[in-house]
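Below is one structure, written out as structure tokens; the observations come after it.
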Amino acid sequence: MAEVRHKSGKPLQVNPHKLSQPMGATLAFLGVDRCMPLMHGGQGCASFTKVMFTRHFCEPIALQTTAVNDVIAVLDGGDYSILESVKNIHDKVAPELIGVHTTGLTETKGDDLRGIASKIDVPLVYVNTPDYQGGLESGWALTTQALIDQLTEPCDRIDAQKIVLVPHVSLQPIEVEKLRDFIESFGFKVVAVPDLSSSLDNHLGEKQASLSSGGVTVAEVKQLADAAFVVTLGASVKPVGTTLQKKNPAIQHRHFDHVNGLQGTDALVAWLLETSGRGDRLPPVVERWRKRLQDAMLDSHFSIGQTRFLLVAEPDHLASMAASLREVGGKIALAISTVDSPILGDIEADQVIVGDLEDAEKMHDAYDLIIGNFHTEALAHRVAKKAVMRGFPNYEEVGIALKNDLLYEGGAYFLFEIANAAERMREEQVHHEREQIKLQRIA
Amino acid sequence: MAEVRHKSGKPLQVNPHKLSQPMGATLAFLGVDRCMPLMHGGQGCASFTKVMFTRHFCEPIALQTTAVNDVIAVLDGGDYSILESVKNIHDKVAPELIGVHTTGLTETKGDDLRGIASKIDVPLVYVNTPDYQGGLESGWALTTQALIDQLTEPCDRIDAQKIVLVPHVSLQPIEVEKLRDFIESFGFKVVAVPDLSSSLDNHLGEKQASLSSGGVTVAEVKQLADAAFVVTLGASVKPVGTTLQKKNPAIQHRHFDHVNGLQGTDALVAWLLETSGRGDRLPPVVERWRKRLQDAMLDSHFSIGQTRFLLVAEPDHLASMAASLREVGGKIALAISTVDSPILGDIEADQVIVGDLEDAEKMHDAYDLIIGNFHTEALAHRVAKKAVMRGFPNYEEVGIALKNDLLYEGGAYFLFEIANAAERMREEQVHHEREQIKLQRIA
Amino acid sequence: MSSKPKIKELLAESACEHNKGKKGSCNAPTPGATTGGCALDGAQIALFPFADAAHLIHGPMSCVGGAWETRLTPTSWSGRDLTQTGFATDISNNDVIFSGEKKLAAAIDHIVTNYAPEAVFVYSTCVPAMTGDDIDAVCKQRSEKHGIPCVPVHAPGFVGAKNLGSRIAGEAVLKHLIGTKEPEETTPFDINLIGEHNNTGELWRYRHLLEELGIRVLSTFSGDGRIASIRTAHRAKLNVIVCAKSLVSMTRKMQEQYGIPWISCSFYGKTDTSKSILAIAEALGDADLIERTRALIAREEARLEEKLVPYREIFAGKKAVLNTGGNKAWSIASALQDLGIEVVATSVRKSTEADKAKAREYLGENAILMTSPATQQAKVIDDTGAHLLLAGGRSLYTAIKKRIAFTDVNQEKKKSYGGYDGLLVLAEDLKNSLQNPVFELVDRKAPWQK
Amino acid sequence: MSSKPKIKELLAESACEHNKGKKGSCNAPTPGATTGGCALDGAQIALFPFADAAHLIHGPMSCVGGAWETRLTPTSWSGRDLTQTGFATDISNNDVIFSGEKKLAAAIDHIVTNYAPEAVFVYSTCVPAMTGDDIDAVCKQRSEKHGIPCVPVHAPGFVGAKNLGSRIAGEAVLKHLIGTKEPEETTPFDINLIGEHNNTGELWRYRHLLEELGIRVLSTFSGDGRIASIRTAHRAKLNVIVCAKSLVSMTRKMQEQYGIPWISCSFYGKTDTSKSILAIAEALGDADLIERTRALIAREEARLEEKLVPYREIFAGKKAVLNTGGNKAWSIASALQDLGIEVVATSVRKSTEADKAKAREYLGENAILMTSPATQQAKVIDDTGAHLLLAGGRSLYTAIKKRIAFTDVNQEKKKSYGGYDGLLVLAEDLKNSLQNPVFELVDRKAPWQK
């Protein structure tokens, strides 16, 4: 579909939007109830990450660091800093789980995580996530695999109604909730792994960041393997299906690249109808929202159909947004991805680049409206366009965790928001042009 | 609470936002399934109304006119034009109901609606709505009363689970749906009268405006009187409670001025818990959204708490929005109402004026952010502020019918939207100030 | 009600003064089966583009509530844009019972004091027309007081439909404004543009070309118009009617009173724009001007053709069905043909005989002239294999059912398709429609449908 | 991994070069119980305000990902604002295995070619520090090639906390920039502002007053700073440290090397702003200047007092608990006192002994100096009857539980509270907090709670 440039060829990132693999790991652990993510690295690694997610979600974030310093980095193979961290965390907050994830610093040292973990008797999951490899999506996916690999107990039974849902990292908490409710309305029980929908959904909690305050429970993760189906959502988490199937080969794996827009949601519904054996009986609200999405598509097609977009996001997120926009004729002039991914080739765009915002800035003649993280706001200002905020990080807005773009319902709201933004932009342009004409006529 | 100026003292409206009583009546009839609203007046009265609602809702609008012309105006007492209209409509689209509502033109003539209606044997409800009296709210409320008065059959039984919900005119279709779902989650059955949630909710319908395509059915209106409760929402529809009670004095009437914000929703929940006999057992989703609203209040309080608002809307809508904003410290510097209403005195605002946008423009030093219909966009431009769109009409945006501001859920989204708009405005101001400093330093 | 006797008087008066142009009540709208705006609407559409004049609706809010600030007729007037400023007396019970004349007078005072307009148009509406407010007297008196024209426009909605209102507006301007002032200078090439409303800035698509040729637009009725200019309109050498049949009576009277000849023009599409510019030059009768005009047309057409190249391939072999009213039935068809799109059918439902003939002329003998497009167009699409439906919003569903592209010809009037450059905008919009998958997708069967 | 030997060398080197200011690993952070940023963070905070210099992070995305374009340190630099431009080498597997020096050199070239900075700061991070990239050599070589300073900043996160990074940044500037250029002219009243980052434009709240007095800000480290200016900083007559203990070592060295005396100042609140401006004048030692300064202070205080009148009533009798770190423990307290708010408690958890003494001095003997504010503050609020809690976001919940007003002192750093005018901004924010019902409402019991 798209022409994809997989490598930038530049020796640096200028105005980067890429986020690191350990950051993705942190976020995944925050989707486990009463978990303390423990980043194995210098104190700054955790601090940068904590500050970012705190500001993004407007929520206190539970995260600790093994606080590796220059001396420890040389003398310690990881045993001291991890064991000491686990002890200190355990004494203070008694988590259900400690989620150890590495960084470039500790990977360069070459610490033997598996060996260290074997010496620890508190519940712990470890994952190798050097930050000089991969990115947010892979950190999330690797951690999800680690959770299942290290916690889930093998099983040979199947609960025909049970579905394990594995969302990609760019789904907002409310999107995971909407998806679970949607699937459950077809008669299934859903366990999402990780599950940010009850931890980072902007709810007022009692305790402040001492631990993650919601998410899938450790007990639930242990018992995942009796699910009839594992549904992976997003190319980055597709391998998680296989990980779970290792615990029980009878589990069936169904993968969706996204469930955005009419066709994306239709595909999910078709599968749910078939799998649930409901035939054509479906929850009335599903039918209603499909009609609303159809109407939204018509109401927004004229505006979006004449708009050329720059999308800036993680690969799976790019694929979702592009699908929605393409259904109403939006032209994806340029999609800028944080990292490479096989999904990039499937995006219907004039050009897909693994790159940075400098690349986007250079090509500003190609697009009208930008959808991306808060850094694209300044970009938009520089190139006299408008930006709609999506993706990590977003320090400019509140309520991000409750923004839903998927399924029929979210798809309708997404189109409305984009169409309205595009129209507002065009009106400002028309206003500006008319002011110019006025000045000319007066002169 | 507020200082209220009930009369403008001006001989005209300049940049008016007031809408007429027949327009409110039309909208109410559009909330009845398979109804054809029939405006008794000149063809222009219906045309202006139809164009307005079509553009506002982005939907085809069913509306007919008795097409009174200058000759008929003198010669006919209304019999000819109404009877002829009913015949033509009935032959063409066979509605379940024809909703005859008058205009200034036919009221000035003094047509005897009741007398004419008595000669007609197709289902018909009539209501007197001269456009030189009242406004959108009263047209809606009078029509709702007429529907019940003329259609609802007296009853002496009570269905303990049945609640009749009467929303005020400014509630969006999705808001009525959310409200009904919310109440039903406490174990009740709800009939909303009128009900725009299934007619003007931006769904793709098959037939195009030949009749209203959704809403409360005539059969349901006929059988309203076995409800245990009538819940009126908004001061303008409070009298509808009494109208229904005339059909069955055993019906209990519960009135809410609004169900916006934490306190507004709490009041409804308290009543539902008490009335349903559920004690403290409530749907889990209700509790979740209350926590999210609490968090939204905290996340938005700093931004909204430093913002001075101009609100422009119908009285009941003003009261709802002001309540939400006040809970997080928003200062309502000025509320401009279309018409007078007893509720205006309850609004926590520095000043409440029954007036027009000229009044708003004059006082532009008093406020920072505007919430109002699409006309306030141009106002905002003239006075260098920002406007968030709410109320009738809104020709600038799509998806209006699906915008939810009420209950815990809608309240959270409302605060997010307003806080984000306020911050964006302030950032533009800061940006502008800094550019000035830059210019000064360079000079 | 005590006002009843007055109504009869008023109607009698109204009949002799304004009913000349009207076909009378034999042509009355059908109760319960009527669509479209009233005379007031038509009068507003005709006059609102005068941005330096205030437009005061003497009536209740139904007559103005949703209808101000909705017309996208931009202006280059440097003062406050009064087209985008709503004024209404919002008459109340009291005004109905006791007369609204005093209120009206005070309203005019308020406007003149606060907005300093060049003129005030006062639009009568049904209720004061029935209760008998003497708007003429109020206007006359206020004109004298303030020294600016206060022009009564007697187009209450119940006297008829939009076209009539437009005609009434023309007559009001003819009676109260045209000829009340002399221009500072005149040129041999002074013209008036009549019926050009500058919707979405369409006037601006071609005025600069006229100016380049030395043709001066002395006044317009009323796009980007000025009161001061329209008052001098009687000195023009030519009246150019732009797509507005209803104003022929106005130009005829101007010919009678001031000896100004008139021609009718359309600026949609390349062919008609070129034709129209040349027609103006020819009507002005100057050989040199005509020669320069031909050169300019050649230059503009060449420039346009170059820009159209990327679209030619997309439109090649494409067929369109056009369902829109009046002169658009042929004027937009002409623009489509300029783009290389075959117009296989057009609607002539509300067209005059002249428009029908023109449509036939433009479309050729094989094209279908639809007299009942709502019921016909689906079948026409099937029969012709059309790829594109251009129509009002309601017909969208026909396009979806047929899974062909759709373009809303009344697209909220945000885009200007006029002149040479407007044709490029139309091309872009049509390209976007033809390439938009939404029309096929929306009709996709739901997973639960067989 | 083959890089291991190199690490030890680097650390040995790093120890002798940079570890002087550091308390050594005996003071290492506690694993699993550490908060706060690292040395890299501190170095960035110290240097990023130079908007005419590029800031290149040589490391993976964790070190920069969320951390660019977040610091609201505005600039009046007319070129592209490089503070708001993120640069990172984004080192990959390959760079770890084979060295990232070439990539670093190419990155500097890219920046110089495309952004023409006045200097390039190159920040080392943990991974290249371990793998042993020779950043000094790369910088030296690129400096020579491009003719602009490329300054290595050896503050990889694992060497310590923010303060250390700030100190390392100061030393890098001292070593590579200060003294490398002579100013075009000097005045007797040239000063450097050290540690003023112009966060949210705070510098701009008082610089104009200094300028009015004829005091020239020769350079700043680094708010609204210029590379060209900081290179001439050795010619200043006085160094003024603005609320930045960690930079004392820098000013001490400047005193040793260039004989520049230094004083420490705070510009929060009326009292301290006046005191600081006067202290600068006194340190410069000119009698006339001192006199003019007193006059200016009197004028500014009078102007401020007049504007504070409407707030006085709101704040009368109000008590506040302050929970924030370092010198803010007393500097913000002083501002609050200027507003007539009694500060009944402040946090001294991370304060130095000097800060503690200052806090005691400002707050008086009855005030509570909290050493463990997280656990203490709820009780302190109860005991003192405080009306307002000023703290970081986490303490919000304490305020809610106590149903008192809350102000986030780290309020995303969007507001500038410095100088006389900043006090008005603080007053407005505090008023808004005190009058906001949200803190009581949020704790309201749900209808289903007993």
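Below, chains carry the letters A, B, ... as their sequence lines are ordered, and counting in each starts from 1.
- Around atom NZ of K386(A), no more than 12 heavy atoms belonging to other residues, nucleotides or ligands sit under 6.0 Å away.
- In E184(C), the CD atom is not crowded: 12 or fewer heavy atoms of neighbouring residues, nucleotides or ligands sit closer than 6.0 Å.
- Nearest heavy atoms, R290(A) versus W448(C): CD-CH2, 3.3 Å.
- At a 4.5 Å heavy-atom cutoff, the contact between L396(C) and chain A is made by side-chain atoms alone.
- The number of heavy-atom neighbours closer than 6.0 Å to NZ of K385(A), taken from other residues, nucleotides and ligands shown, is above 12.
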Step-by-step side chain to side chain contact (heavy atoms under 4.5 Å, CB included) determination, L298(A) to I400(C)
CA-CA 10 Å; L298(A) 293 174; I400(C) 291 166; 3.3 Å; yes

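- The two atoms that bring R434(A) and G201(C) nearest to each other are NH2-N, 4.3 Å, heavy atoms only.
- Between V442(C) and Q294(A), the shortest heavy-atom contact is O-NE2, 2.8 Å.
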Could you walk me through whether Q306(A) and K415(C) pass the side chain to side chain contact (heavy atoms under 4.5 Å, CB included) check?
CA-CA 12 Å; Q306(A) 63 184 298; K415(C) 298 286 193 89; 2.7 Å; yes

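- In terms of non-hydrogen atom pairs under 4.5 Å with chain C, the most contact-rich of E327(A), R426(A), R278(A) is E327(A).
- The most heavy-atom pairs under 4.5 Å with chain C, out of E287(A), K331(A), R326(A), E274(A), come from E287(A).
- Contacts between residues 207-217 of chain C and chain A, counted as heavy-atom pairs separated by less than 4.5 Å, involve R207(C), E211(C).
- Annotation: K162(A), atom NZ; neighbour count of heavy atoms from other residues, nucleotides and ligands within 6.0 Å is above 12.
- Every residue two or more places apart in sequence or in another chain was checked for a ring pair (Phe, Tyr, Trp, His ring centres under 6.0 Å) with H253(A), and none qualifies.
- Separating the CG atom in D408(C) from the NE2 atom in H301(A) is a distance of 8.0 Å, to the nearest 0.5 Å.
- Residues from residues 408-424 of chain A that place a non-hydrogen atom less than 4.5 Å from a non-hydrogen atom of chain C comprise Y408(A), E423(A), given in numerical order.
- Nearest heavy atom pair, residue L262(A) against residue R444(C), reads CD2-CD, 4.1 Å.
- Residues satisfying the salt bridge (charged side-chain N to carboxylate O under 4.0 Å, His left out) test with D443(C), not counting sequence neighbours, are K401(C), R403(C).
- In this structure the side chain of D429(C) reaches within 4.5 angstrom of the side chain of F302(A), judged on heavy atoms.
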